[in-house]
Amino acid sequence: MNRKYTKQVAIGNIYIGGNDKILIQSMCNVKTSNYREIIHQINKCAKLGADLMRVSVLDEDDLNAIKKIKQNIDVPLVCDIHFNFKFAIESIYNGADAIRINPGNTSKSKLLDLINVAKAHNTAIRIGINQGSFKSKDNDITNELVDETLKWINYFEENDFSNLVLSIKSSNVLTTISSNKLLSNKTNYPIHIGLTESGFDDIGIIRSVAALSPLLLEGIGSTIRISLTGDPYLEILTAKRLLHDLNLYNDYHTLISCPTCGRCNSSNLKKIAAKVDYFLEKNKINKKVAVMGCEVNGIGEGKNADIGIAGGKNYFFLFKKGKIIDKGSEEEMVKELFEELQKTNDENQ
Ligand code: SF4
């Protein structure tokens, strides 16, 4: 798949853009002054695959926490500021690797102060334009969102600042697609893509995937966030899964499990599939694994997998690339599957 080549922007020790890999990010969901919990969330997200993390800075207590947080994390930290741009400047002094603002939320003179400090510290700024800050009640305000973003790009460039990442956020799937496509046509800055206020669990995941897949398939998006109501961990796993399924993230496992039907020989198949997925995630085993309900169709349908198990009338079967290598009870075959996976993992290390 061709990825759009964009300008490359440094954020801490990583780059966003170019046509390098798409970076995964999320946002902490507790107050930043609660730095112990923030550090825990950031490090857990980083372990799950986050490349950078964002926190909101609302007051002096949040500002003071930035230094402590920075000392205890390894991924770049983006500070999100609304309205009070003094906090944006102070966040840079305290070690923020990038700032996310909506530039229209302050006066031009305060914005200029921020630009000058960001320039002096080589700190990137994300221009974040949200549909929520527009008065129009129309569902589709694609042109307004893009024009607003372009207006601010011009302003930053006139002030000799081009260390920019862009984002246009809407809770509407179609507006998200059309505005990011249009923006990508008109600029060469890296774009952070995501659908805002998408909802929780399956609701938010489906809506986000519907909005982001068409963009990713056209090579648009240098960073991605799946915004879900709740803690940030599912956001990271969902982003990784989406990118992997679109061939944009190699280092990840694939779990295939059949939908089950009247031929299924196990009442446990969903539980087994979840257990296998957890095992692959936890041990970072990047294999394609099948969990199938019957041997009649399951082994054939799972033949593209590196390894798998399928239920039979009297036995469960363990197979590799569609060939049966062992049979036994359900419990025995699940155990053997894990042993085989662990073995290949050890061999690769
Ligand atoms: S693999 Fe077997 S049990 Fe699973 S859906 Fe196909 S036919 Fe049904």
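This one's a predicted model, so the numbers in the text were calculated from it and none came from an experiment. Because only heavy atoms are used, hydrogens play no part in the values below, and waters and symmetry mates are left out as well, while side chains stay in. Whatever order the structure lists them in is the order used to number ligands and atoms, beginning at 1.
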Legend entry - Partner of Glu340 by salt bridge (charged side-chain N to carboxylate O under 4.0 Å, His left out), out of Lys335, Lys320, Lys287: Lys320
Legend entry - For atom 2 (Fe) of ligand 1, every protein N/O/S atom that sits closer than 2.8 Å, waters excluded: Cys294 SG
Legend entry - Donor-acceptor side-chain pairing of His192 and Thr223 below 3.5 angstrom: yes
Inset, instruction - Using modelled atom types only, decide if a donor and an acceptor are shared between the side chain of Asn43 and the backbone of Asn72 within a distance under 3.5 Å. - result: yes
Legend entry - Derivation and outcome, ring pair (Phe, Tyr, Trp, His ring centres under 6.0 Å), residues Tyr93 and His121: CA-CA 8 Å; Tyr93 289 140; His121 286 76; 5.5 Å; yes
Inset, instruction - Check side-chain contact (heavy atoms from CB on, under 4.5 Å) between Ser33 and all other residues, then give those that pass, not counting sequence neighbours. - result: Lys31, Asp61, Asp62
Legend entry - Phe338 CZ: over 12 foreign heavy atoms closer than 6.0 Å: yes
